[in-house]
Amino acid sequence: MPDDGLPLVALIGRSNVGKSSLINALVRQRLARTSAAPGMTRLANLYRVAREGIRPFYLVDLPGYGYARGGAKSAREFEALTASLFGERQLSALLVIDARHPGIESDRAAWEWMQDSIATRDIVATKIDKLARAKRMRALDELESVFAHPVAAVSADTGEGLNELWKLIARMTKPA
Ligand code: GTP
Ligand code: MG
């Protein structure tokens, strides 16, 4: 774990939701390993990101929850994992959810935990490309009402929403 005091922005979400793909899409490089089978990311991987106009920071790719092998079985186990990894370090986090599946129990549990333990947090709905345009608005409305929080829609495949996500990240990493 680095000790340079740069901000950490972690991606938190179910196995296979697309966390690693989102990192690759954000930095436009194939850095993080992705897979069609859940449970690809077994360790926390930190990527130091330098981008014009924002302070350097670390994107943290984490194993997903909801998949026993390698990752955490439940949001609670996940909580123990992050506590052991980050200790007292200040962590910002993005909850990554599937745009097609509003209100999955484990996602809600993760968001509840984030509200208690992570000061700077936001929600990203990915795989928006899998929804027909006509269905997107309703899906987002539903997600925002379930989480009572704004949801940024993105696609790692088409790049939709990534500029807005960069703006969110810039805000998260801004010195207080
Ligand atoms: P774990 O490391 O197992 O927790 O998974 P992960 O959340 O890192 O998921 P990963 O990025 O490995 O992607 C899982 C699968 O979803 C892969 O087959 C990706 O190609 C696919 N995928 C990810 N993002 C998108 C997206 O925006 N659109 C579409 N259509 N597929 C996506
Ligand atoms: Mg992964």
Side-chain angles (χ1 to χ4, degrees), residues 1 8-49 57-86 91-111 113-114 118 121-140 142-143 147 150-169:
M1 205 48 74
L8 298 163
V9 179
L11 276 77
I12 293 176
R14 277 179 301 116
S15 286
N16 217 39
V17 75
K19 301 174 294 297
S20 301
S21 303
L22 191 54
I23 287 181
N24 292 340
L26 279 166
V27 301
R28 298 192 195 187
Q29 287 180 55
R30 296 181 63 102
L31 281 180
R33 290 178 66 195
T34 63
S35 157
M40 179 70 231
T41 307
R42 303 285 181 85
L43 300 165
N45 293 285
L46 279 76
Y47 302 102
R48 189 179 186 278
V49 178
F57 70 103
Y58 290 96
L59 265 177
V60 185
D61 193 13
L62 291 172
Y65 49 80
Y67 185 77
R69 204 146 48 97
K73 282 185 219 61
S74 61
R76 188 149 310 287
E77 214 174 285
F78 187 80
E79 178 178 343
L81 176 81
T82 50
S84 72
L85 283 172
F86 302 107
L91 184 69
S92 301
L94 294 167
L95 177 66
V96 184
I97 57 181
D98 189 315
R100 297 166 298 175
H101 306 304
I104 292 175
E105 180 57 39
S106 56
D107 288 342
R108 298 216 307 257
W111 182 240
W113 166 71
M114 285 169 71
I118 296 181
R121 52 187 184 262
D122 257 301
I123 306 176
V124 180
T126 193
K127 302 191 182 178
I128 193 76
D129 59 282
K130 296 224 185 198
L131 280 176
R133 290 199 175 267
K135 292 190 171 161
R136 293 182 187 183
M137 199 73 95
R138 186 191 298 184
L140 280 176
E142 213 171 324
L143 286 170
F147 289 97
V151 173
V154 301
S155 164
D157 271 24
T158 64
E160 284 163 90
L162 293 180
N163 283 337
E164 288 73 17
L165 181 53
W166 268 118
K167 284 180 199 152
L168 267 184
I169 292 173

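Counting starts at 1 for both ligands and their atoms, following the listed order.
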## Note on the structure
Ranked by distance from atom 27 (O) of ligand 1, the top protein heavy atom is A156 N, 2.8 Å
### Query
Can you list the atoms of ligand 1 that are under 4.0 Å from a heavy atom of S21?
10 (P), 11 (O), 13 (O), 19 (C), 23 (C), 24 (N)
### salt_bridge(D61, K19) N-O dist < 4.0 Å
no
### Heavy-atom neighbours of M137 CE exceed 12 at 6.0 Å
no
### Summary
for atom 2 (O) of ligand 1, nearest protein heavy atom and its distance come out as T41 OG1, 2.7 Å
### Query
Once you round to the nearest 0.5 Å, how far does OG of S92 lie from CE of M114?
9.5 Å
### Message
Run the side chain to side chain contact (heavy atoms under 4.5 Å, CB included) test against A152 and tell me which residues pass, sequence neighbours left out.
### Response
L168
### Task
Search all heavy atoms of V17 against all heavy atoms of T126 and return the closest pair with its distance.
O-CG2, 3.1 Å
### Query
Are L26 and L162 close enough, and set up right, to give a side-chain contact (heavy atoms from CB on, under 4.5 Å), and what steps lead you there?
CA-CA 7 Å; L26 279 166; L162 293 180; 4.2 Å; yes
### Atoms of the protein (N/O/S only) found under 2.8 Å from the Mg ion (ligand 2)
S20 OG, T41 OG1
### Query
What's the shortest distance from atom 3 (O) of ligand 1 to any protein heavy atom, and which residue and atom give it?
G39 N, 2.7 Å
### Task
May I ask you to identify, for T34, whether its side chain, its backbone, both or neither come under 4.0 Å of ligand 1 on a heavy-atom basis?
both
### Query
Which of the numbered atoms in ligand 1 are below 4.0 angstrom from a heavy atom of D129?
26 (C), 27 (O), 28 (N), 29 (C), 30 (N)
### Task
Report the residues that fulfil side chain to side chain contact (heavy atoms under 4.5 Å, CB included) with R100, sequence neighbours left out, ordered by chain and then residue number.
D98, K127, K130, L131
### Query
To which protein heavy atom is atom 16 (O) of ligand 1 closest, and what is the distance rounded to 0.1 Å?
K127 NZ, 3.2 Å
#### Entry: Atoms of ligand 1, numbered as shown, that sit under 4.0 Å from any heavy atom of G64
4 (O)
#### Entry: F57 versus V9, closest heavy-atom pair with distance
CD1-CG2, 3.7 Å
#### Entry: Protein heavy-atom partner closest to atom 17 (C) of ligand 1 - residue, atom, separation in Å
S35 O, 3.4 Å
### Task
Quick one: look up the protein heavy atom nearest atom 7 (O) of ligand 1 and list residue, atom name and how far away it is.
K19 NZ, 2.7 Å
### Query
Does D122 use its side chain to pair, donor to acceptor, with the backbone of L94 at less than 3.5 Å?
no
### Query
Please walk me through it: do R108 and E105 pass salt bridge (Lys or Arg N to Asp or Glu O under 4.0 Å)?
CA-CA 5 Å; R108 298 216 307 257; E105 180 57 39; 3.4 Å; yes
### Message
With a 4.5 Å cut-off on side-chain heavy atoms, are V60 and L85 touching?
### Response
no
### Query
Which ligand 1 atoms are under 4.0 Å away from a heavy-atom of K130?
29 (C), 30 (N)
### Summary
Within 4.0 Å of some non-hydrogen atom of T126, the atoms of ligand 1 are 27 (O)
### Summary
Residue set satisfying side chain to side chain donor-acceptor pair (under 3.5 Å) with N45, at least two apart, ordered chain then number -> none
#### Entry: Minimum-distance protein heavy atom relative to atom 5 (O) of ligand 1
N16 N, 2.9 Å
### Query
Can you name the nearest heavy-atom pair linking I97 to I123, along with the distance?
CD1-CG2, 3.7 Å
### Task
Just need the protein heavy atom nearest to atom 18 (O) of ligand 1, so name the residue and atom and give the distance.
A36 CA, 3.3 Å
### Query
Do ligand 1 and G18 have nitrogen or oxygen atoms that lie under 3.5 Å from each other?
yes
